[in-house]
Amino acid sequence: MAARRVAIIGAGASGLCAVKCCLDDGLAPTCFERSGDIGGLWRFEEHPEEGRASIYKSVVINTSKEMMCFSDFPIPDDFPNYMHNSKIMEYFRMYAQHFDLLRHIRFRTSVCRVAKRPDFAVTSQWDVVTESDGKQESAVFDAVLVCTGHHTDAHLPLHTFPGLERFEGWYLHSREYKTPQAFSEKRVVVIGTGNSGIDIAVELSHTAKQVFLSTRRGAWVLHRLAKSGYPFDFSYLTRLSQLLHSLVPLSVGSFLLERKLNARFNHALYGLQPQHRIFHQHPTVNDDLPNRIISGRVRVKPNVQEFTLQKEPGKGARPAILLSCCKLGKAWSRPEETYVTCDGFVVCPERCVAVHGLTPYGKFFLLCIC
């Protein structure tokens with residue numbers, strides 16, 4: 001009996017381990033990658049590419065290598081605990097080479113359409129239409145894995161900022177941000193206190209004239225290091241801590257962790273006191289923000305209310321506003337009657353799975369396994 005054919009869309013972190021797991025189970029995977037290389041989100045490019053996530057040059061992952069590595073391919077000992085995006089790409093290349101995954105990937109091939117075959121009720125098969133070098137091709141697959149991620153399209157809610165059309169500076173989304181050089185000696189407003197927003201605000205504070213960090217509802221800021229300098233997640237995401245977390249009420253667990261974070265720096269004094277409890281939202285991780293705030297290089301402000309034409313006396317340089325918002329993108333169109341959505345996880349019981357929006361802790365690369 002011929003091995004069942006599986007179409008995998010995307011050769012990023014999830015796509016790579018999806019190919020490997022299909023091979024382990026005796027399936028015949030074909031991975032379609034629209035760009036010319038693996039890595040997805042973690043492959044830095046000088047200019048944003050349409051249809052692909054974009055990162056800035058200095059990005060360092062917030063998960064330690066002990067908690068993020070593939071279980072069957074540990075990250076080398078000489079790699080840093082928290083890796084720069086270039087080291088993550090190096091690890092992905094090692095992983096793909098070790099398990100001989102590249103021969104199953106068709107680069108510069110876009111998936112145009114995924115549809116049920118006419119005899120789907122009997123065969124559960126899918127028609128997948130792809131395009132490469134201007135030529136379209138159709139193939140039949142027994143299952144489809146969508147591994148395109150959820151950081152593709154910029155969410156730029158300009159309608160929420162009255163008067164923006166009168167603003168004489170310039171604005172952009174964090175997706176377009178790459179390096180801080182263009183912001184030298186400028187007054188910059190960073191809107192949003194997610195991981196990208198705080199990372200960029202801290203980086204810009206070393207070159208910009210002044211950085212203002214605007215937050216609508218505050219943020220709990222975790223740090224990468226725990227006691228004795230060990231990685232925070234490696235130290236606290238243990239079986240014991242998870243057991244205790246399951247035994248105590250959520251409010252008690254929130255109180256204990258919030259007290260620990262406030263012992264490092266009082267979020268209320270620094271203008272970052274959130275309106276939510278720590279376990280109610282995705283946390284922000286940054287080690288340098290308190291130092292940049294206390295030194296005046298980053299000034300925390302509430303939510304932007306309005307833009308006007310008023311200029312400060314003697315200020316000749318135009319300010320730049322950097323909109324650091326959630327990067328939300330619909331990776332593909334899907335027939336709603338076919339799929340079930342649960343907490344951001346879009347699944348189809350009929351041999352099609354979409355990894356689409358989960359934000360877990362630990363080994364997040366393994367989420368595409370089904």
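Heads up: numbering here begins at 1 and tracks the sequence. Atoms considered below: every heavy atom in the structure, side chains included; atoms not considered: hydrogens, waters and symmetry mates.
Counting only distance, with no hydrogens or angles, the side chain of Lys65 and the backbone of Asp77 share a donor-acceptor pair below 3.5 Å. In this structure, the side chain of Ser14 does not engage the main chain of Cys147 through any donor-acceptor pair within 3.5 Å. Looking at Lys57, its side chain never comes within 3.5 Å of a backbone N or O of Tyr177 through a donor-acceptor pair. Although no hydrogens or angles enter the test, the distance criterion places no donor-acceptor pair under 3.5 Å between the side chain of Lys260 and the main chain of Phe255. When atom types are taken as modelled, the side chain of Thr215 and the backbone of Pro302 share no donor-acceptor pair closer than 3.5 angstrom. Looking only at distances, no side-chain donor or acceptor of Ser235 sits under 3.5 Å from a matching main-chain atom of Lys227. In this structure a side-chain-to-backbone donor-acceptor pair under 3.5 Å is missing from Ser184 to Gln181. Looking only at distances, a side-chain donor or acceptor of Ser35 sits under 3.5 Å from a matching main-chain atom of Asp37. The backbone N or O of Gly40 sits less than 3.5 Å from a side-chain atom of Arg52, completing a donor-acceptor pair. With hydrogens and angles disregarded, no donor-acceptor distance shorter than 3.5 Å links the side chain of Arg106 to the backbone of Ser132.
No side-chain heavy atom of Val59 sits under 4.5 Å from any side-chain heavy atom of Asp199. Using a 4.5 Å cut-off on side-chain heavy atoms (C-beta onward), Ile38 and Arg93 make contact. Between Val211 and Phe183 the shortest side-chain heavy-atom distance does not fall below 4.5 Å. Looking only at side-chain heavy atoms (C-beta outward), Phe161 and Ile191 come within less than 4.5 Å of each other. Proximity of Ser54 to Arg175: side-chain heavy atoms (C-beta onward) are separated by under 4.5 Å at one or more points. With contacts defined as side-chain heavy-atom distances shorter than 4.5 Å, the pair Phe92/Gln97 does not qualify. Between Ser64 and Arg224 the shortest side-chain heavy-atom distance does not fall below 4.5 Å. Taking 4.5 Å as the limit, some side-chain heavy atom of Arg299 sits within range of a side-chain heavy atom of Gln210.
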Assess the residue pair Gln273 and Glu258 against the criterion (side-chain contact (heavy atoms from CB on, under 4.5 Å)); give the C-alpha distance rounded to whole Å, side-chain angles, the decisive distance to 0.1 Å, and a yes or no.
CA-CA 10 Å; Gln273 182 66 42; Glu258 289 166 8; 6.0 Å; no

Begin with the C-alpha distance, continue with both residues' side-chain angles, and end with the deciding distance and a verdict on side-chain contact (heavy atoms from CB on, under 4.5 Å) for Thr284 and Leu289.
CA-CA 11 Å; Thr284 300; Leu289 181 63; over 6 Å; no

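Phe212 does not carry Lys301 over the face of its six-membered ring by the limits of under 6.0 Å from the centre and within 45° of the normal. By the 6.0 Å and 45° rule, Arg5 stacks over the aromatic ring of Phe141. Cation-pi geometry between Lys87 and Phe79 is met: under 6.0 angstrom from the ring centre, within 45 degrees of the axis.
Residues Leu23 and Pro29 approach most closely at CD2-CD, 3.6 Å, considering heavy atoms. The shortest heavy-atom contact between Cys112 and Gln136 is SG-NE2, 3.8 Å. Gly12 and Glu33 get closest at one heavy-atom pair: N-OE1, 4.5 Å. In terms of heavy atoms, Pro76 sits closest to Tyr91 at CD-CD1, 4.4 Å. In terms of heavy atoms, Tyr56 sits closest to Ser196 at OH-CA, 3.5 Å. Between Ala7 and Val128 the shortest heavy-atom distance is CB-CG2, 4.2 Å.
The line from SG of Cys31 to CZ of Phe107 is 7.5 Å long, rounded to the nearest 0.5 Å. Remark: Phe265 CZ to Asn291 CG distance equals 10.0 Å, nearest 0.5 Å. To the nearest 0.5 angstrom, Leu16 atom CG is 11.0 Å from Cys21 atom SG. His245 contributes atom NE2, which lies 12.0 Å from atom OG1 of Thr238 (distance to the nearest 0.5 angstrom). Taken to the nearest 0.5 Å, the CD1 atom of Ile200 stands 10.5 Å off from the CG atom of Asn195. For the atom pair Arg297 CZ and Thr207 OG1, the distance stands at 8.5 Å (nearest 0.5 Å).
Taking the six-membered ring where tryptophan is involved, the planes of His267 and Trp220 are tilted, since the angle between them lies from 30° to 60°. Ring planes of Phe120 and Trp126: perpendicular class, angle over 60° (limits at 30 and 60°).
Cluster membership check: Leu237 does not share its hydrophobic cluster with Leu243, using side-chain heavy-atom separations under 4.5 Å among Ile, Leu, Val, Met, Phe, Trp and Tyr. The same ILVMFWY cluster, assembled from side-chain heavy atoms under 4.5 Å apart, contains both Leu272 and Leu269. Connection of Leu225 to Met68 is not established within any shared hydrophobic cluster, with ILVMFWY side chains joined at heavy-atom distances below 4.5 Å, either directly or through further cluster members. Tracing side-chain contacts under 4.5 Å through hydrophobic residues (I, L, V, M, F, W, Y), one reaches Tyr270 starting from Ile198; they form part of the same cluster.
A salt bridge is defined here as a Lys NZ or Arg NE, NH1 or NH2 lying under 4.0 Å from an Asp or Glu carboxylate O, and Glu203 with Arg292 fails to meet this definition. Note on Lys178 versus Glu46: no salt bridge recorded, every NZ/NE/NH1/NH2 to OD/OE distance being 4.0 Å or above.
The number of heavy-atom neighbours closer than 6.0 Å to CD1 of Ile294, taken from other residues, nucleotides and ligands shown, is 12 or below.
Remark: the Asn81 side chain and the Glu66 side chain contain an N/O donor-acceptor pair separated by less than 3.5 Å.
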